[in-house]
Amino acid sequence: NLVADGLTFSYHRTPILRNVFPSIGSVHGGHELIFFGESFLPTHSQSCVWLGDINQSTPAVVVSSTTAYCSTPLTMESGRSAVYLRWGPSFDTLQSAQPFYFFNDPTVTTLRVTRGPAVGGTPVQIEGVFDSLLNISCQFGETQVSATFINTNQIVCLSPRLNPNYSISKTVQLSLLYEHLSYPTPFNFTYDPEVVIASLSPVGGPLGGGFPIFISGENFVNTSSLSCWFGAAIVVNAKYHSDKLVSCIVPVLATSSTPVGVSLNGIQSSISRPTLLSWKPALISDVSPPYFFVNTSQIAYLFGDFRPS
């Protein structure tokens with residue numbers, strides 16, 4: 001200290017700002033930021049200063065020579081900025097200002113798939129308004145997964161595996177995360193126990209389809225998307241009878257053996273998929289003899305195509 005005429009003049013190291021966490025915030029403000037650096041001054045006149053179009057300042061609190069806090073301001077529009085600490089007119093960290101990004105809060109309007117098997121892997125399409133410059137994640141209950149950005153109005157998340165694997169349906173809250181900032185959506189996601197198929201009745205029929213098939217098993221749920229899958233691409237509506245029985249009308253098939261599955265959400269078939277056998281209908285071109293005597297037994301010969309496939 002230099003003492004002259006009872007006045008004290010203090011020398012301080014120039015403060016340096018190393019990092020700001022988080023480096024993003026909503027245009028609505030109010031997010032608490034942590035500033036890390038060196039030689040911060042524990043005074044009562046420090047503030048955070050925002051550069052660029054923001055051009056605002058908010059009060060800061062220095063808790064140590066290396067750590068300070070402040071909150072983001074309310075802004076008019078999203079965009080890139082930078083922030084630094086300032087102590088009155090004498091000290092600041094302008095030379096080490098850190099980049100910062102203000103974003104508009106995400107808006108979720110539609111959830112295309114609202115349920116899936118407990119084993120996970122359901123592609124959940126989410127529609128709304130999203131920021132293309134940020135890392136977006138989905139949170140199913142307590143589990144977080146990365147989102148795939150399609151465009152500013154659509155993202156897709158794969159549902160994580162439910163752990164433990166519940167034997168009954170379980171509904172969880174779906175939230176979005178911008179970096180680490182959480183935004184609950186108005187939608188829930190339901191996990192269902194894996195559908196198990198035990199048998200088909202009948203086990204086969206004509207390739208032209210049109211006949212009912214009854215599917216016995218476990219964990220069937222009466223959903224609006226309940227459906228039967230034939231092969232990899234043919235999906236038809238299913239009728240719910242109980243948690244152990246559903247039925248559907250067999251469509252036109254192209255092969256003599258087709259795996260059959262059941263879907264509760266319309267986009268994922270069950271893992272267990274027994275085979276349905278199919279055959280061409282018989283084609284009769286002629287019969288001999290062409291007539292018969294009543295009250296007699298005779299052998300009739302049928303001519304045509306009777307090959308099963």
How are the rings of F140 and F189 set relative to one another: parallel (under 30°), tilted (30 to 60°) or perpendicular (over 60°)? perpendicular
Should I215 and V236 be regarded as members of a common hydrophobic cluster, given that ILVMFWY residues are connected when their side-chain heavy atoms come within less than 4.5 Å of each other, either directly or indirectly? yes
Treating Ile, Leu, Val, Met, Phe, Trp and Tyr as nodes and any side-chain heavy-atom pair under 4.5 angstrom as an edge, say whether F211 and L207 lie in one connected cluster. yes
Side-chain heavy atoms of E127 within contact of R112, under 4.5 Å:
yes
Donor-acceptor pair, distance only, cut-off 3.5 Å: does the side chain of T93 make one with the backbone of L85?
yes
Closest non-hydrogen contact found for I126 with L174 is CD1-CD2, 4.0 Å
Assess the side chains of N265 and Q268: does a donor N or O sit below 3.5 Å from an acceptor N or O?
yes
Joint cluster assignment, V196 & L264, ILVMFWY side-chain distance < 4.5 Å:
no
Nearest heavy-atom contact between F91 and L41 is CD1-CD1, 3.5 Å
To the nearest 0.5 Å, atom CD1 of I155 lies from atom CD1 of I150 at 9.0 Å
Separation between OG1 (T72) and NE2 (H28), nearest 0.5 Å, reads 11.0 Å
Applied to residues 29-41, the side chain to side chain donor-acceptor pair (under 3.5 Å) test, sequence neighbours excluded, yields R18-E38
What one should report as the nearest heavy-atom pair of A238 and C228 is CB-SG, 3.8 Å
- Message: With a 4.5 Å cut-off on side-chain heavy atoms, are C138 and Q144 touching?
- Response: no
Does the pair F100 and Q98 meet the rule for a side chain to side chain contact (heavy atoms under 4.5 Å, CB included), with working shown?
CA-CA 7 Å; F100 196 85; Q98 297 295 306; over 6 Å; no
- Item | F187 vs T114, side chain to side chain contact (heavy atoms under 4.5 Å, CB included): CA-CA, chis, key distance, verdict | CA-CA 8 Å; F187 300 100; T114 59; 5.6 Å; no
So CG of N153 and CZ of F130: to nearest 0.5 Å the spacing works out to 8.0 Å
Quiz item: Is the number of heavy atoms from other residues, nucleotides or ligands within 6.0 Å of CD (Q95) greater than 12?
Solution: no
With side chain to side chain contact (heavy atoms under 4.5 Å, CB included) as the criterion, how do I213 and C248 come out once you've worked through the C-alpha distance, each side chain's angles and the decisive distance to 0.1 Å? CA-CA 6 Å; I213 182 175; C248 56; 3.6 Å; yes
**Q.** Any side-chain heavy-atom pair of V262 and I197 under 4.5 Å
**A.** yes
Quick note, salt bridge (charged side-chain N to carboxylate O under 4.0 Å, His left out) partners involving residues 237-258, not counting sequence neighbours, are none
task = Carefully, step by step, assess T190 and T171 under the rule side-chain hydrogen bond (donor to acceptor under 3.5 Å, both in side chains).
result = CA-CA 4 Å; T190 300; T171 299; 3.0 Å; yes
*asked:* Determine whether a donor-acceptor pair (N or O, by modelled atom type, separation under 3.5 Å) exists between the side chain of T67 and the backbone of S64.
replied: no
- Query: Which is it for W50 and F102 under the ring-ring contact (aromatic ring centres under 6.0 Å, His included) test, yes or no, and what are the steps along the way?
  - Reply: CA-CA 11 Å; W50 308 86; F102 286 95; 5.5 Å; yes
Please answer whether the main-chain N or O of V49 pairs with a side-chain N or O of S57 as donor and acceptor at a distance below 3.5 Å.
-> no
Would you call P123 and V113 a side-chain contact if the rule is heavy atoms closer than 4.5 Å? no
Here the gap from Q139 atom CD to T185 atom OG1, rounded to the nearest 0.5 Å, amounts to 11.0 Å
Tightest non-hydrogen contact, residues N104 and S78, listed as ND2-OG, 3.5 Å
Could you walk me through whether F36 and T66 pass side chain to side chain contact (heavy atoms under 4.5 Å, CB included), step by step?
-> CA-CA 6 Å; F36 301 99; T66 59; over 6 Å; no
Q | More than 12 heavy atoms of other groups within 6.0 Å of I168 CD1 | A | no
Compare all side-chain heavy atoms of S96 with those of Y84 and state whether any distance is below 4.5 angstrom.
-> no
ask   = Is the backbone N or O of S199 less than 3.5 Å from a side-chain atom of S216, with the two atoms forming a donor-acceptor pair by type?
value = no
P59 and S47, any side-chain heavy atoms less than 4.5 Å apart
no
With no hydrogens and no angle check, do the side chains of D105 and Y183 hold a donor and an acceptor under 3.5 Å apart?
yes
Kindly work out whether a path of hydrophobic side-chain contacts (I/L/V/M/F/W/Y, heavy atoms less than 4.5 Å apart) joins L276 to L245. no
Does a donor on one side chain and an acceptor on the other come within less than 3.5 Å for S132 and T152? no
field: Connected via hydrophobic side-chain network under 4.5 Å: L200 and Y240
entry: yes
Sorted by chain and number, sequence neighbours left out, ring pair (Phe, Tyr, Trp, His ring centres under 6.0 Å) with F230 holds for none
- prompt: Do E179 and L181 touch side chain to side chain, with heavy atoms closer than 4.5 Å?
  reply: no
Ignoring hydrogens and geometry, is there a side-chain-to-backbone donor-acceptor pair from S71 to G30 under 3.5 Å? no
Rounded to the nearest 0.5 Å, the CG atom of N19 sits from the CZ atom of F35 at a distance of 10.0 Å
Determine yes or no for a side-chain-to-main-chain donor-acceptor pair under 3.5 angstrom, with S288 supplying the side chain and Y301 the backbone.
no
### Flag for D192-S169: side-chain donor and acceptor within less than 3.5 Å
yes
Rounded to the nearest 0.5 angstrom, the CG-OG distance for L33 and S23 is 9.5 Å
| field | Stepwise ring-ring contact (aromatic ring centres under 6.0 Å, His included) test for F220 and H241 | value | CA-CA 9 Å; F220 298 140; H241 298 279; 9.9 Å; no
Q) Under 3.5 Å, side chain of E194 to main-chain N/O of S270, donor-acceptor pair present? A) no
So do V83 and L51 actually touch side chain to side chain, heavy atoms under 4.5 Å?
no
For T122 and P117, the nearest pair of non-hydrogen atoms, with its separation, is OG1-CD, 3.4 Å
Stepwise, does the side-chain hydrogen bond (donor to acceptor under 3.5 Å, both in side chains) test hold for D131 with Y101?
CA-CA 11 Å; D131 195 305; Y101 181 72; 2.8 Å; yes
Taking every heavy atom of L176 against every heavy atom of V108, the minimum-distance pair comes out as CD1-CG2, 3.5 Å
